[in-house]
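Letters A, B, ... are given to chains in the order of the sequence lines, protein chains preceding strands, and every chain is numbered from 1.
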There are 2 protein chains.
Amino acid sequence: MGRITQRDIARLAGVSQTTVSLVLNNRPGAETRIPAETRDRVLRVIRETGYVADPLARRLAAGRNRILGVFTYEPVFPSATGDFYHPFLIGIEESAEQVGCDLLLLTSAPLVDGRKRIYHQDHRLRLADGCVLLGRELDREELARLVAEGYPFVSVGRRDDAGGPVSYVGADYGSVVRELVEGARGLGHEKFAYVGHGAGAESFADRHRGFQEGTAGLQAVTLPPADAEDALGTDATAIFVEEYADGAVILQAARARGLAVPGDLSIVTLGDPTRPAPTDIDFTGFRIPRAEMGRQAVEVLTELIEGGSPVQRLLPCEPVKGLTLGRNNVA
Amino acid sequence: MGRITQRDIARLAGVSQTTVSLVLNNRPGAETRIPAETRDRVLRVIRETGYVADPLARRLAAGRNRILGVFTYEPVFPSATGDFYHPFLIGIEESAEQVGCDLLLLTSAPLVDGRKRIYHQDHRLRLADGCVLLGRELDREELARLVAEGYPFVSVGRRDDAGGPVSYVGADYGSVVRELVEGARGLGHEKFAYVGHGAGAESFADRHRGFQEGTAGLQAVTLPPADAEDALGTDATAIFVEEYADGAVILQAARARGLAVPGDLSIVTLGDPTRPAPTDIDFTGFRIPRAEMGRQAVEVLTELIEGGSPVQRLLPCEPVKGLTLGRNNVA
DNA sequence: TTCCACTGCTAATGCGCATTACCTGAAGGA
DNA sequence: TCCTTCAGGTAATGCGCATTAGCAGTGGAA
């Protein structure tokens with residue numbers, strides 16, 4: 001039941017293994033060196049036997065794989081955050097198919113202190129030619145090590161440098177948040193609140209920076225997510241919420257206090273739901289171009305593997321009009 | 001920036017490549033042959049350099065990989081059917097994580113005549129130790145070839161033999177459909193219609209067989225999906241619909257004709273939606289244990305890889321009470 | 001005739017690892 | 001003293017392929 005090898009083909013066709021390899025790879029320069037007759041003979045045997053080269057041996061000899069790794073710091077399929085990551089994977093799969101690569105989901109990474117780690121005893125990253133990294137927070141040390149080792153990888157989402165430039169395809173949260181703030185100012189709002197971390201992960205920091213730029217010179221407080229409802233205690237007329245789910249919480253609380261949204265209070269959510277949340281609320285906010293980020297990440301990765309230099313891209317987010325931002329009616 | 005190899009480790013530790021390999025693999029019998037001192041020296045160098053063995057070379061030499069392939073005949077992520085396949089993947093990922101394997105999504109398979117094919121010029125199946133096959137219809141010839149080559153694979157969904165037994169983890173459609181029919185008979189129904197292919201893919205054939213067994217001796221017509229609405233033209237009082245989406249179509253048409261469901265007509269759907277369809281309708285039918293099928297498929301696959309014999313499992317489907325099956329009120 | 005170029009191939013090598021066969025030195029036994 | 005045994009290693013080999021170097025034969029130019 002042993003597999004068919006090039007040697008078998010060679011024997012059957014009455015040529016050497018080298019010739020079979022040459023015919024298979026059809027190298028320029030070699031094509032003239034093998035007469036049609038020999039080539040046909042070899043090809044016929046290959047067809048008859050149904051031979052296909054072992055991709056493993058191939059890569060071992062040639063150094064490439066056409067396998068792209070996908071590492072996720074948070075679980076992708078199961079779990080609540082699954083729906084959030086799914087669109088990224090759609091884009092990644094689509095793009096991988098186009099460039100003719102297979103995708104290796106690095107699912108075997110064990111949890112260490114509740115988080116997945118790339119580098120662990122017997123890590124498998126090197127199976128792939130390069131890797132797409134997914135997750136809100138990437139481990140800074142691991143990134144630095146990847147950079148230092150010169151392993152080709154692309155982060156989905158902007159990343160700060162880690163001992164060197166990190167390739168990424170991110171979403172331009174800063175711009176869209178600033179635009180949303182400016183839109184609110186245009187509607188007469190002057191007192192703002194930001195609910196969220198505003199720091200830590202780059203994506204949070206970027207949003208917050210956009211918020212601060214937009215509210216420069218105006219009243220603008222920042223509250224941690226845990227204190228979401230306290231935002232109602234401030235005199236802010238427009239609340240910007242990092243997490244969609246927290247937006248729902250605040251909306252609920254506002255209504256419970258008899259506040260009309262957006263009549264008395266405006267609420268803007270900054271991105272798609274990452275936690276299960278009622279999605280029937282038509283929040284003003286924006287959409288993260290998740291599938292497109294996935295697609296481009298794979299593009300960038302393949303260029304990187306071909307020897308390209310680090311690439312950093314920010315994709316625009318599409319604003320969502322929604323129904324929760326209105327004119328400021330407060331005196 | 002060349003990768004670190006065992007030879008590098010060997011040089012740094014002042015031993016031979018063989019020794020490094022022995023230390024790494026920690027073979028029984030060899031453990032006594034290498035004194036703790038040497039072993040520690042090697043391990044220290046490994047730790048310092050962050051060396052990890054190239055899994056490809058490893059597999060080439062030893063024959064194992066801890067990579068499980070996932071081949072899908074229909075696109076998994078994008079597209080309409082995406083939601084249908086997702087639960088399978090959840091199970092597969094979960095199980096793969098438990099057994100410490102990575103998943104290789106064979107996305108690079110090109111379309112040939114509108115379908116993906118496993119075997120094509122330069123196929124990648126052999127990258128993985130074994131493979132999970134997903135899709136409603138698997139190509140019989142390809143299956144036969146897989147069987148003939150002795151490649152370990154497991155189909156998600158029952159499959160007929162293909163020149164030999166095919167390992168699968170399927171859903172027991174036959175039983176649950178027959179039970180549903182019997183339930184309908186208990187409610188006084190005597191004239192039945194089946195809307196669907198009823199043949200071709202095993203899953204269709206199994207449902208139809210269950211239907212026929214259940215309706216033995218009674219009036220029971222079968223209509224192709226294209227003629228779904230014609231089912232209303234028959235005098236059937238209970239319509240069994242292969243595809244959830246077609247059930248929605250029939251329900252719509254029935255209501256348009258002034259028929260009450262389930263007052264005048266009962267409709268039973270045979271499984272979860274595989275096409276986009278309004279899912280707010282509470283159809284009577286059953287649930288396919290998709291995640292569990294995925295999980296068990298990986299279990300079976302790993303056993304197969306370890307040298308086990310073909311395994312065939314049918315998992316029970318959970319009946320869904322629903323609101324579209326009622327007592328037969330027709331004279 | 002000698003040299004060269006060109007055709008049509010093949011032998012040899014190495015990718016990084018696992019494995020097998022062997023080698024060396026020292027201790028123990030007869 | 002000679003023979004074994006065993007500990008502690010190493011050299012050699014092969015997995016299936018791509019690639020490089022090279023070889024035999026022929027035809028033409030000098």
Integer-rounded Å distance: D:dA7 C1' and B:Arg39 CZ: 15 Å
- prompt: Mind checking whether B:Tyr85 and B:Phe88 have parallel, tilted or perpendicular rings, split at 30° and 60°?
  reply: tilted
- prompt: Where the side chain of A:Thr5 is defined as all heavy atoms beyond and including C-beta, which of C:dC17, D:dC17, D:dC15 is the nearest nucleotide?
  reply: D:dC17
message: Using a heavy-atom cut-off of 4.0 Å across all strands, would you classify B:Val15 as base, sugar-phosphate, or nothing?
response: sugar-phosphate
statement: In whole angstroms, the gap separating C1' of D:dA18 from CG of A:Asn25 amounts to 7 Å
message: Check this for me: A:Glu48, atom CD, are more than 12 non-hydrogen atoms of other residues, nucleotides or ligands nearer than 6.0 Å?
response: yes
- request: Could you pull out the closest heavy-atom pair between B:Ala57 and A:Leu60, with the gap in Å?
  value: CB-CD1, 3.8 Å
Rounded distance in Å - CG (B:Leu22) to P (C:dA21): 14 Å
- prompt: Whole Å only: how far is the CD1 atom of B:Ile34 from the C1' atom of C:dT19?
  reply: 13 Å
task: To the nearest Å, give me how far apart CD (A:Gln6) and C1' (C:dA11) are.
output: 15 Å
message: Taking any heavy-atom pair under 4.0 Å as a contact, classify B:Thr19: base, sugar-phosphate, or nothing.
response: base
query: Heavy-atom distance under 4.5 Å between the side chains of A:Tyr168 and A:Leu314, does that happen here?
result: yes
- request: Check whether any side-chain heavy atom of B:Val166 lies under 4.5 Å from a side-chain heavy atom of B:Asp160, and answer yes or no.
  value: no
field: A:Ile9 CD1 to D:dA18 C1', straight-line distance once rounded to whole Å
entry: 16 Å
- prompt: Does B:Tyr51 place a side-chain N or O at less than 4.0 Å from the phosphate oxygens OP1/OP2 of C:dG16?
  reply: no
- prompt: With distance as the sole criterion, do the side chain of A:Thr18 and the base of D:dA18 form a donor-acceptor contact below 3.5 Å?
  reply: no
- request: Please state how far atom CD in B:Glu37 lies from atom C1' in D:dG8, giving the value in whole angstrom units.
  value: 12 Å
task: Indicate, with a heavy-atom threshold strictly under 4.0 Å, whether B:Ser21 touches base, sugar-phosphate, or nothing.
output: base
query: Do the side-chain N or O atoms of B:Arg58 get closer than 4.0 angstrom to the phosphate oxygens (OP1, OP2) of C:dA18?
result: yes
message: Taking atom types as they are modelled, would you say the side chain of B:Gln17 forms a donor-acceptor pair with the base of C:dA18 within the 3.5 Å cutoff?
response: yes
task: Please state how far atom CG in A:Leu60 lies from atom P in D:dC15, giving the value in whole angstrom units.
output: 13 Å
